[in-house]
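Shown next, in structure tokens, is the structure this report addresses.
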Amino acid sequence: MRQRATWVWALPPVLALGVVFLYPLVLLVQQSFTPLEGGMSVQPYADVFADPAFREALGTTVWLAVGATVGCLVLGFVLALVIAFVPFPGAKAVARFVDVFLSFPSFLITLALLFVYGTVGMANGMWTDVTGAASGPFQFLTTPWGVLLAEITYFTPFVMRPLLAAFSQIDTAQIEAASSLGAKAPRIVRQVILPEALPALAAGGSLVLIMCLNEFGIVLFTGAKGVTTLPTLVYSKAILESDWTAACVVAVVNVVISVSLYGLYRVVSRRVGA
């Protein structure tokens with residue numbers, strides 16, 4: 001009787017998950033195997049994989065995601081170290097701001113960067129006012145490097161949050177003992193703090209990598225016309241070209257990559273004890 005009651009309570013969320021998520025996903029996969037002439041075939045995948053635009057978008061997506069993840073890990077680790085272990089006025093306020101920052105939409109950060117470094121932004125405006133030049137030197141936001149900067153700026157707090165939580169659990173007696181034995185700050189970080197931070201780094205880095213692979217708003221709002229990622233390619237195929245089958249193929253590839261990376265993250269997190 002108790003087992004039956006458990007199934008009764010579990011059935012509504014399972015049905016909701018099936019209707020809201022699994023059923024549309026099945027339709028997406030089905031459409032990806034449906035050519036324009038009808039029937040079921042793997043030809044749409046062959047056509048998309050042979051398309052140079054897809055291969056370029058895949059390469060751009062991967063290198064932007066990996067580059068942004070590495071940048072977020074390095075910058076997030078340094079900033080979290082400063083906030084957690086370097087006493088300065090307002091450290092707690094900065095830590096709370098990190099929590100608030102996580103709620104910001106990605107396009108808001110991109111717009112802020114456009115106001116500062118855009119073609120008619122503050123930096124270029126100051127340059128033209130001082131030098132009298134027709135245009136400023138900061139034109140990188142519409143390039144892949146601008147997208148990379150925007151992603152690192154936006155996603156770094158997603159690495160800092162688990163790191164700050166991990167640093168708060170470190171016994172300061174270990175740091176004091178290492179310092180009293182003559183260990184310098186770099187050695188303390190390498191031998192005492194870093195081993196404790198590895199699970200948090202793995203969790204934050206994996207999350208950032210998956211989110212960067214699926215990021216759409218940052219690429220769109222930077223106006224980087226020469227930068228095409230898998231999400232923007234899905235938008236282009238579906239909305240601009242009305243090629244829904246190709247759009248579904250690209251979307252399925254994006255989902256497979258994201259799920260595979262999540263599975264890899266779960267394996268790594270178990271090994272490092274996250």
Side-chain angles (χ1 to χ4, degrees), residues 12-69 104-111 114 141-144 146-148 150-151 154-155 158 206-266:
V14 170
L15 289 176
L17 180 65
V19 172
V20 175
F21 175 73
L22 295 179
Y23 179 65
L25 183 60
V26 169
L27 292 180
L28 176 72
V29 175
Q30 181 181 5
Q31 180 63 38
S32 69
F33 287 98
T34 306
L36 295 177
E37 58 271 14
M40 298 292 290
S41 173
V42 297
Q43 188 60 40
Y45 282 85
D47 294 338
V48 169
F49 291 167
D51 187 358
F54 168 78
R55 295 197 293 269
E56 181 180 355
L58 178 60
T60 302
T61 302
V62 171
W63 89 257
L64 279 176
V66 173
T69 302
F104 289 176
S106 60
F107 70 84
L108 182 63
I109 306 304
T110 309
L111 286 177
L114 287 173
L141 276 185
T142 56
T143 68
V147 177
L148 186 65
E151 290 189 348
Y154 178 68
F155 289 113
F158 289 85
S206 301
L207 176 62
V208 169
L209 181 61
I210 294 173
M211 294 176 70
C212 287
L213 284 171
N214 298 285
E215 180 57 40
F216 176 77
I218 288 178
V219 182
L220 182 66
F221 275 85
T222 54
K225 298 180 180 179
V227 179
T228 303
T229 60
L230 291 180
T232 58
L233 186 61
V234 172
Y235 174 83
S236 176
K237 292 291 185 182
I239 305 302
L240 302 182
E241 302 177 21
S242 297
D243 189 351
W244 292 98
T245 299
C248 290
V249 171
V250 178
V252 169
V253 172
N254 205 0
V255 170
V256 169
I257 294 175
S258 298
V259 173
S260 300
L261 286 175
Y262 177 76
L264 179 62
Y265 154 69
R266 295 296 301 173

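Just so it is clear, the structure is predicted and the values come from calculations on it, not from any experiment. Position 1 is the first residue of the sequence, and the numbers go up from there.
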Stepwise side-chain contact (heavy atoms from CB on, under 4.5 Å) check, F216 with T229: CA-CA 8 Å; F216 176 77; T229 60; over 6 Å; no
Quick one: does S106's side chain have a donor or acceptor within less than 3.5 Å of a partner on G217's backbone?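 It does not hold such a pair.
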Can a donor-acceptor pair be found, under 3.5 Å and without considering hydrogens, that links the side chain of N214 to the backbone of I210? yes
Distance from [X] atom [atom1] to [Y] atom [atom2], nearest 0.5 Å?
X	Y	atom1	atom2	value
K237	C248	NZ	SG	12.5 Å
T232	I239	OG1	CD1	13.0 Å
T34	Q30	OG1	CD	5.5 Å

Checking side chain to side chain contact (heavy atoms under 4.5 Å, CB included) between E151 and each of L64, T69, T222, which is the one that passes? L64
Among L213, V208, L207, which residue meets the side chain to side chain contact (heavy atoms under 4.5 Å, CB included) test with M211?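 Testing M211 for a side chain to side chain contact (heavy atoms under 4.5 Å, CB included) against L213, V208, L207 leaves exactly one candidate, L207.
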Mind listing the closest non-hydrogen atom pair of [X] and [Y] along with its distance?
X	Y	result
P44	S41	CD-O, 3.3 Å
L233	A57	CD2-CB, 4.0 Å
L111	F221	CD2-CD2, 4.1 Å
V234	A251	CG2-N, 3.8 Å
I218	E215	N-OE2, 3.0 Å

Indicate yes or no: at least one non-hydrogen side-chain atom of [X] is less than 4.5 angstrom from one of [Y].
X	Y	value
Y45	V252	yes
S236	E241	yes
L230	L58	yes
P231	N254	yes

Intermediate values then yes/no, side-chain contact (heavy atoms from CB on, under 4.5 Å), F54 and V249: CA-CA 10 Å; F54 168 78; V249 171; over 6 Å; no
A quick test of your reading: do over 12 heavy atoms of other residues, nucleotides or ligands sit less than 6.0 Å from CD of E56? no
Would you say OH of Y235 has more than 12 non-hydrogen atoms from neighbouring residues, nucleotides or ligands within 6.0 angstrom?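 Open.
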Does the plane of the ring in Y154 sit parallel, tilted or perpendicular to the ring in F158? Use 30° and 60° as the thresholds.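 The arrangement is tilted - the two ring planes meet at 30° to 60°.
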Going by the rule ring pair (Phe, Tyr, Trp, His ring centres under 6.0 Å), which residues pair with W244 if we only count those two or more places apart in sequence or in a different chain?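 With sequence neighbours excluded, W244 shows a ring pair (Phe, Tyr, Trp, His ring centres under 6.0 Å) to no residue whatsoever.
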